[in-house]
Structure formats: structure tokens, C-alpha cells
Amino acid sequence: MKKIRKGITVVLAICLLIGWMPAVQARAESTTDAEGFTVDETGTLIAYTGPGGAITIPSNVTSIAGGVFASNSSISSVTIPATVTSMGTAVFYDCTGLISISLDANVGSIPSQTFYNCTALTSVALNSSISAIGAQAFAECTSLSAISLPSTVNSIGEKAFYGCASLTTITIPASVTSIGGSAFDGCVKLGGFSVASGNGTYAVSDGCLYNKSLTRLIRCPQGKASVKLANTTQIIGSGAFDNCRSVTSLALPESVTTIEANAFSGSGITSIVIPATTTAIGSQSSWKPSVISGYTNSQAKVYADTNSITFQPLDTEEEQKPSEEQKPSEEQKPSNGENSSGGGDTMPDQGAPAGDGNSSTEITIIPGPTVSPAVTTVTETSPSDNSGATVTSDSHVKDDTPKTGDGINPAFYLCFAVLLTGVCCFLFRKKSI
């Protein structure tokens, strides 16, 4: 039993020795120069213990391990030579004292979080070999006001420039075909995007970033105070106005059919006009405008009602009702269903002669004494009179002289008087006989 235990102990010791020797050998092969750069036998920079300030990566370095300078606030500037062909992630992560970077390295891409939270960084010079900007590569570089991306860049990663609060301008190279989500979120001073001519994927209108055909709004820069969308816009993309606090009102063009979910999340828009053509509106977190203007029986009305938002109809009741000109006037309405004919001798008060649909009638109300009915003069223009002459109808034409019997022929009184005289003469003659 003792022999077995001794054998196991010897085996374990040998294993530990075998595992320890390569480490000792590798440590012996790594060298640290006078400036504090530790480079292993493969040419990889694996550590830095120097005093900081302005540093230049040694020319024997071909690769930089991830996080080598992370959280080193003593470094003020870095020059990376062309001999460097690869870099790990987060190499300069949280280097809050880093002001400038000169990247001559042929690395092909800026790895994710390379300069994350380098809050003092103001100057960046990138090599033309760069083809990709990694996720969060420059995120939270709050002092970076401008950056020139090489014409070789074809992709910008997610949140690549997130939180770059001082960034005022940026040009998307013609070679860029992909931009990750939230790539420019938090760039509160960015007043507008610029896209190099020849880009086949992206375009700009009024400083806003669109797809090439200007049918999809990708991003409104957070530094804009007002926005006029392209009249070809069909889709307001997710995150398009995310945290755009300066834009307070917006009118969507009639071309817009879709508002994607969270298109307005966190935005400062308090008043928005949504056309009837918009048939799909996704949910919007952290956004509740004061008023939505739109049309009844539209998706805008549905969204407003669902989210308890004040709705301002654009199609008012007055627009829905016939106008006063379209309504028949009291003078034009026949009373009690009666119509007067052109040759009749009576007509309803304030009525109009019945027409055949081709003649035009002009009615003039002439005020009269309160003891008499309203007096109406009717003038008709006959469509068959080619001369255009005005024909005055003889049907119930009145003046303003009070009469005891409106509409009774005076001849009736004459006949009655003659008859009465005859009767009187007959009786008188009979009495005399």
C-alpha cells in the first residue's frame, strides 16, 4: 500500500514538473525593454509597465494582446507602427488620459471596445487598411468631435460611436454597406450625417440617414432641432428618433405607411401628424406625445385611443358636413310639398317656381309691411331664349302695396259691383210699378 502511494506521489510530481517547465521557458523567452514593453517570442505585446505619456509601440511587435493598456490613465498618446497586423479586444479600454492615437498598423479592423471610454480622446488617425469598425470601438469617447473614416471601411459595428457626446459631424464612406444598431446613439451634438457619393446602400436627406432609395428612415441625428422627412419615406425604422430630445414636433409625409416598434422611443416629440396612409404603428416604449393629429377611422386614431393620447382630428365636423353653399336655402325650399307652375296665379310664401332643371332662377326678397306676407319678385332666364333676354313671369308678382285679399283678381270686385247695381235697379223698377 505504501509503495502504491509513493508511486502516485512520484507521478503527480512529474506531471507538475512537465506543466511548469513550459511556463518557465515561455517566461524566460518574454522580454521587457527599458520603456516597459513586454513582448513574447511570437512578437505579441503582452504587457506594459512603462511610465505612460506619449508612447510608441516597438517595431518588433506584430500583435497586441487584448486589454494590454486597459485602464491605464497615464498614457496620453499612442503610435502603432505598420508592423502590427493584429490586435485583441479592449486594448485601450478605459484609458481616460489618452488624447490622440496614430494607427499605422495593418490590422484590417478596429476590434470591439478598442477605445471604449477613452474620454479624453480628441484625435484619431486611421490607416487605409481598416475595413471594419468593431462594436463599441469608440463608444463613450465623449471628447471626440470628429473622425475621418478611411474609404476602405465597409462596416460599422453596433454602438461603434455610442455616447460620443461631442461628435458633430461624420461622413459615411462610399464603401460602407453595413451599419450596426445604435451605432450613433448618444451623439447628442451630431447635427447631420454625410454619405460619400457612390455609396450604393445609404443616402442622406435633410441630414437624416436613409437607405439608398430614401424609402426607409434609419436615423435622425440627435443634434437636429427640426426635421423635414423626404416625401418618399415609407418606413420610420426602429430607433430612428431614439432619444432625439431636440425635435419636439414632426409631420409625417403621406408616403409613410409604417412606423416600426420603438421608432420614437425616448424622443422629445410632443406633437405629431400621422397621415391616413399610415396603416401600421408599432409599440413605442418611453414615448407618449401630448397630441396626435390625424384622421378619424385611421390607425393614428386607434393608437391615440389605445394609449390615452389626445387626438386632434384633421377632418373636422365642418369638413364632413355639406357646406352652407351646398345646403338649400329657406327661400329655395318649397313649403308643404307645393310647387308653383309658370302660369299659375298663386304660390307658397317664399317659394320658388318649379323648373325643368335647365333654367336658372333668381329670387329677390322685397321687405314689406308687417301686416302683409313677404313679397317676392321672380325672374327667370329661359334656356330656350338664345338671345339671352330676361323673361319676367306673370305668376304671382307682388308689389309692396297692402291688399285686403292677396291673390284675388280685381275684376271680381267689378263684376260684383255691376251685379249689385243691376239688382238694385231691378228692385227699384219693380217697386215703382
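Quick note: numbers below take in every heavy atom, side chains included, and nothing from hydrogens, waters or symmetry partners. Quantities reported herein were computed from a predicted structural model and do not represent experimental measurements.
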Quick one: [atom1] on [X] to [atom2] on [Y], what's the gap to the nearest 0.5 Å?
{"X": "S76", "Y": "I55", "atom1": "OG", "atom2": "CD1", "answer": "8.5 Å"}
{"X": "C95", "Y": "I75", "atom1": "SG", "atom2": "CD1", "answer": "5.0 Å"}
{"X": "R216", "Y": "T232", "atom1": "CZ", "atom2": "OG1", "answer": "13.5 Å"}
{"X": "T89", "Y": "Q113", "atom1": "OG1", "atom2": "CD", "answer": "7.0 Å"}
{"X": "T233", "Y": "L217", "atom1": "OG1", "atom2": "CG", "answer": "6.5 Å"}
{"X": "T122", "Y": "L98", "atom1": "OG1", "atom2": "CG", "answer": "9.0 Å"}

- Task: Under the side-chain contact (heavy atoms from CB on, under 4.5 Å) rule, what do I99 and S77 come out as? Steps first, then yes or no, please.
- Result: CA-CA 6 Å; I99 298 173; S77 69; 5.9 Å; no
Any sub-3.5 Å donor-acceptor pair from [X]'s side-chain atoms to [Y]'s backbone N or O?
{"X": "S131", "Y": "G108", "value": "yes"}
{"X": "D305", "Y": "S308", "value": "no"}
{"X": "N307", "Y": "I309", "value": "no"}
{"X": "Q284", "Y": "E260", "value": "yes"}
{"X": "D206", "Y": "C208", "value": "no"}
{"X": "T32", "Y": "T38", "value": "no"}
{"X": "Q222", "Y": "N243", "value": "yes"}
{"X": "K224", "Y": "G192", "value": "no"}
{"X": "S238", "Y": "A261", "value": "yes"}
{"X": "T83", "Y": "N60", "value": "no"}

[X] side chain near [Y] side chain, heavy-atom distance below 4.5 Å:
{"X": "L252", "Y": "L250", "result": "yes"}
{"X": "N72", "Y": "Y48", "result": "yes"}
{"X": "I235", "Y": "N211", "result": "no"}
{"X": "C244", "Y": "R219", "result": "yes"}
{"X": "F92", "Y": "T114", "result": "yes"}
{"X": "V78", "Y": "F69", "result": "no"}
{"X": "Y162", "Y": "E140", "result": "yes"}

So which atom in [X] and which in [Y] form the shortest heavy-atom distance, rounded to 0.1 Å?
{"X": "G191", "Y": "P221", "result": "O-CG, 3.8 Å"}
{"X": "A105", "Y": "V84", "result": "CB-O, 3.3 Å"}
{"X": "T142", "Y": "G163", "result": "CG2-O, 3.7 Å"}
{"X": "C164", "Y": "F138", "result": "SG-O, 3.2 Å"}
{"X": "S86", "Y": "V107", "result": "N-CG1, 3.8 Å"}
{"X": "K212", "Y": "Y202", "result": "CD-O, 3.9 Å"}

Worksheet item: Of I80, I46, T44, V39, which is the lone residue that meets side-chain contact (heavy atoms from CB on, under 4.5 Å) with I64?
Response: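 The option that passes is I80.
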Pairs touching residues 237-272 that satisfy ring-ring contact (aromatic ring centres under 6.0 Å, His included), sequence neighbours left out:
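For residues 237-272, and leaving out neighbouring residues, the ring-ring contact (aromatic ring centres under 6.0 Å, His included) pairs sorted by first residue read F241-F264, F264-W287.
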- Item | side-chain contact (heavy atoms from CB on, under 4.5 Å) assessment of T215 paired with Y210 | CA-CA 7 Å; T215 57; Y210 288 81; over 6 Å; no
Subject >> Stepwise side-chain contact (heavy atoms from CB on, under 4.5 Å) test for I236 and L229 >> reply: CA-CA 10 Å; I236 308 298; L229 300 181; 3.8 Å; yes
query: Distance only, no hydrogens: is a donor on one side chain within 3.5 Å (strictly under) of an acceptor on the other, for T85 and T62?
result: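 On atom types as modelled, these side chains do not qualify, holding no pair under 3.5 Å.
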ask   = Does a side chain donor of either S265 or S285 reach within less than 3.5 Å of an acceptor in the other side chain?
value =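 Per modelled atom types, S265 and S285 side chains form a pair under 3.5 Å.
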- After noting the C-alpha distance and the side-chain angles of D33 and T31, does the key distance pass the side-chain contact (heavy atoms from CB on, under 4.5 Å) rule? CA-CA 6 Å; D33 61 20; T31 59; over 6 Å; no
Could you go through residues 168-184 and list every donor-acceptor pair under 3.5 Å that involves a side-chain atom there, pairing it with any protein atom two or more places apart or in another chain?
{"from": "T168", "atom 1": "OG1", "to": "S145", "atom 2": "O", "distance (Å)": "3.4"}
{"from": "S175", "atom 1": "OG", "to": "S151", "atom 2": "O", "distance (Å)": "2.6"}
{"from": "S175", "atom 1": "OG", "to": "V153", "atom 2": "O", "distance (Å)": "2.4"}
{"from": "T177", "atom 1": "OG1", "to": "N154", "atom 2": "O", "distance (Å)": "3.3"}
{"from": "S182", "atom 1": "OG", "to": "D185", "atom 2": "OD2", "distance (Å)": "3.1"}

Donor-acceptor contacts under 3.5 Å from residues 272-281 side chains, at least two apart:
{"from": "T277", "atom 1": "OG1", "to": "E254", "atom 2": "O", "distance (Å)": "2.5"}
{"from": "T277", "atom 1": "OG1", "to": "V256", "atom 2": "O", "distance (Å)": "3.1"}
{"from": "T278", "atom 1": "OG1", "to": "V256", "atom 2": "O", "distance (Å)": "3.0"}

